[in-house]
Each structure stands twice: as structure tokens, then as C-alpha cells.
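Below is one structure, written out as C-alpha cells; the observations come after it.
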Amino acid sequence: MGIKQIATTNGFRLGLDWSNPPENIDIQALMQAQQCEFDRTDNALRTVPGVRVLYEFTGPVDTLYYDVYRKKWYFSSGKNLYETDFSTHKLLGALSGNQKPKYHAFGGDILIASGGRLQAISGSGQMITTNSPQCEMVSSHSGSVLLSSIYSHRLNWSAVGDYQSWTHNENDSSSAQYVDVGYKDQGSIIAVDFLTRAIIVYKEYGRVYQVIGTPDSGTLSVYPLSSTGYCSGSTLSIDDRSYYLGEQGFMSFVPTNTYAEIQPFETGLNINSYLLKYITKDCEMWHIPNRKQLWIKPYNGDSVFIYHYLPRYNDGRGVFTSRKFTYNINSVVNVEKDVYVGYGKKIGILDESIDTDDGVQIETSIVSGNRLATSQFILIMNYNFVTHNIISGYGTIGISNKKPKPINFASKSTRTYYATMKTINANTKMNTNEYTKSYKIGGGANRNVQFKIHVKKGAISLRQLDYTYEEV
């Protein structure tokens, strides 16, 4: 007989890994992590929250935005922009362009770029149209509003502090300014992002530039950064990285220890073999800061990859899981502790107290790598499977192609009573979650070992999955 050994998964802390065959990935990595994420408090692998419907519109909800100044919600549908309190809606006006609008908060107003002139929601909530250059992208930089267009090489800055002033005066450094980025290139600007003190400009055909300096001081300089940064048009800046989707998959630009140097990095190494097939200009990314997540939506429908960007690898990479929505999502907004999604004709909110997505049951699937026997068999003596149960339910755990073992996931809930002089009102539940522990003696002789966890109903948090084995 061989020597008894213990295999520890550490809760599969490395998430998805499709960079190697299933037989060659780390024991802490997964081949499938569907409908699950790493918890924002304890980093345990858990079932994703459900989706509760807040409002249903008569047409598609294309974008969703929260106005931090007026504490109001806006959504676009086709060419129109609406205001909603999730019980009714009000038409604010027509968008000036035909592109999916992008929003930016500036000086108490909400700016909107949709392919025409820059628009704004100002004052008491009136929608106005400025005399700006055509724009599909809007942000701010050095006290001015920054615009760019997918049909141009130019970055345009408004006058300092005034998004309605776009006239350039050579004798006034505070007036509107502009700079042409790679104006001899074949392609136009497709995305603009920020990284440390530089503006990162992504252009068609892989050209990437960094723009350094400020327009009002006359110090703007343009430097080539890459000729292989093939960006689809979706970028996000988080901390010290500029993430982008493109022909090479999920990538990022990161600063180096050398002054003013920025280099590309393959952030999506673990899933890029899949992403490469599904990257188009219709792909999108959303930042969910309260969960430390970046969501990646490929063009092929309702699946989203969740990138947990806190580092878990020595080279600074985070890890991936995935979730599949009932319907294609169009927009995601994080406000304080809540996450709102626009999909189909509806607006929903993530809800950790339910295990359904718009009424459809969420089923969690966790599949480990496929460990092969180095001799004849892997003889499993026992395994220890522990879950922290968030919502009561049931599922199975199995090894390779053997018959899976049914498991119940039970959780208790007790009511909190509020006593007054006259009455006792039972109106609030206080959840007390339970654990499920499955200790199975014996697992038989296996030419390969692959654990498969399927939560058919309920929500769990994986606490432990270890097994004792011998190679025989």
C-alpha cells in the first residue's frame, strides 16, 4: 500500500482556471464555478445573490444610472431618457445621438454622451443640450470636461469648470483646449481611460497612447504606449490598473517601477482561452466596488465572468467565477451596498435573501480539476465536506462519474420580537445560518478524482473540502 496523504482544496481559492487542461490545474482551482462568487467579507466561495424585480417598463432598459446629486434614477430606452422612482417613470427628453449613452457626474450636473452633442441634467432635473463637439465618451480631467468620439483622433477639453464652453482661445489657457492623438493613424479613438497621472487612449488597430500633462498649463504630451493593445471599446480603471477587453482577451496596463513606464499584462490568463472567441465591440465591463468585483459580459448572451480583483496570485492577479442571468443584462450600477441591474424591460436588485433570479431558481455548480492517478488508482479513504448554509435547500456531491450523494442544506431563522406597552409585533426575521458537514468514509478506487458539487436549491458558502487518499 501507499502512504496516506491529505489533499486540501482551501475552498478552491484560485477560482476558474482554463489556462491548462483539467488534469494539470492546481488542486485549489476549478473547471467550473457557475452561479458562485467569493464572499466580500470572508472570501469563501458562495452562491451568488438572487435578483429581485424593482420595476418593469414597457420597452427595453438599455442603460441605468444613479444621480448622486439629486438622489434620482435615470434609464434610457432607445432614443429616450427617463427618470424613475421604481414605481412610475417620467420622460426627460430625447438623446442627441444613436449610441448607447454614457454618463458622468460633474459640478452638480449629470453629463450624457450618446453620439451627438453633449447633454446634461442640470438644476432641478431639466435636460439640456450643449454646443459641444460630437461625442460618444465623456469624463473629466484637470477641472474640465473631456470628450472624445469614435469618429475622430481628437481629445476635447471644455473651458475650466464650464461644460457648455467649447470655443478655443489661444490667448486664454482656461478656455477650451484639444489635442490630436496619433492623427496619422489609420483608426480613430475607441476608448479613453485613466491610469495614475496619464490618460490612456485606445485606438483602432491596436494603437494605444498615453497623454500626460494638463491642457490649461500647455504641457500636454502624447507618447506611444503599445501597438498591440487591441481594445474592443470596453475599458475600466481600478486602482493602479487600466483594464480592457480586446483581441487578446482580458488585459490591463500597469505602471512599472521605471519612471512614467506602463506595460501590458495578461490579467485574464485563466479564462482568455474562452474569452478570445467572444470579444466584440458589444462586450461590456462593470465595476462593483462594494464587492471588489469587475463583471465581464462577452457578446454571447446572459453569462457574466466575475473578476475578483484583490490579488491571490504572486504576480498580482485576482481570480474568476461566473454567473448566468435569466436574461441578458444591459447595465449594472453599484450604489453603496446595493447592486442594481437593467435587463430586458426590467430593473432589478441583487438580494442575498433569495435564491431565484427574476423568479427562476439559481443552481450552483462547482467542479474541481481532474486529478489523475500517478500509479494505478487513487484510493480515497474519506472526504470532509463542510458548508455554511445561507438559504435552506438541497443538492449533491459526487466524485468523477460515480453516483452523487444527496445532501440537504438546512438553515434556521428566528423571529425578533419588538415589545411595546400595548402589543408585541413579530415583523423582522433574524437569520441564524447552520452548517452542513458531510464526512464520508471511503470513496473507492479511482483512476481520476474530480469533485462535483451541485446546489439545486438554496444558497451555501463552501467552508471545507479535503480528502485522505493513497496512491496504489
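These numbers come from the heavy atoms of this one structure, side chains and all, not from hydrogens, waters or symmetry mates.
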Quiz item: Is it true that the NZ or CZ of R40 lies under 6.0 Å from the centre of F38's six-membered ring and within 45 degrees of the ring axis?
Solution: no
Quiz item: When you measure from the centre of the six-membered ring of F265, is the NZ or CZ of R241 under 6.0 Å away and within 45° of the axis?
Solution: yes
Exercise. Quick one: list whatever passes ring pair (Phe, Tyr, Trp, His ring centres under 6.0 Å) with F377, sequence neighbours left out.
Key: none
Self-check item: ring pair (Phe, Tyr, Trp, His ring centres under 6.0 Å) involving H104 - partner list, sequence neighbours excluded
Solution: none
Any luck finding a side-chain donor-acceptor pair between [X] and [Y] under 3.5 Å?
X    : Y    : value
T387 : N389 : yes
E37  : Q293 : yes
Q248 : N272 : no
Y69  : D109 : no
S149 : E136 : yes
S365 : Q32  : yes
D62  : N330 : no
R317 : N270 : yes
N384 : D466 : no
S461 : R463 : yes
Y394 : T436 : no
T63  : Y103 : yes

Quiz item: Can any side-chain N or O of S242 pair as donor or acceptor with the backbone N or O of S237 at less than 3.5 Å?
Solution: no
Self-check item: Test item: S232 side-chain N/O and L245 main-chain N/O as donor-acceptor pair under 3.5 Å
Solution: yes
Is [X] salt-bridged to [Y], cutoff N-O under 4.0 Å?
X    : Y    : answer
K72  : D67  : no
E247 : K277 : no
R52  : D357 : no

Exercise. Write out all pairs satisfying salt bridge (charged side-chain N to carboxylate O under 4.0 Å, His left out) with one or both partners inside residues 327-342, taking only residues at least two apart or from two chains.
Key: none
Quiz item: What do you reckon, are the aromatic ring centroids of H89 and F57 less than 6.0 Å apart?
Solution: yes
Quiz item: Using the benzene-type ring in the case of Trp, are the ring centres of H287 and Y243 under 6.0 Å apart?
Solution: no
Practice problem: Quick one: sort the Y202 and Y244 rings into parallel, tilted or perpendicular, breaks at 30° and 60°. | Solution: tilted
Cut-off 3.5 Å, no hydrogens considered: what does the side-chain donor-acceptor table look like for residues 110-123, sequence neighbours left out?
residue, atom, partner, partner atom, Å
S114, OG, G97, N, 3.0
R117, NH1, S132, O, 2.4
Q119, OE1, S96, N, 2.9
Q119, NE2, A94, O, 3.0
Q119, NE2, T129, OG1, 3.2

Quiz item: Can E204 and K281 be said to form a salt bridge (Lys or Arg N to Asp or Glu O under 4.0 Å), step by step?
Solution: CA-CA 11 Å; E204 293 177 290; K281 63 181 181 62; over 6 Å; no
Quiz item: Which residues pass the side-chain hydrogen bond (donor to acceptor under 3.5 Å, both in side chains) test with S19, sequence neighbours left out?
Solution: D17
Self-check item: All side-chain contact (heavy atoms from CB on, under 4.5 Å) counterparts of Y467, not counting sequence neighbours
Solution: A7, I27, R371, I380, Y383, V449, F451, Y469
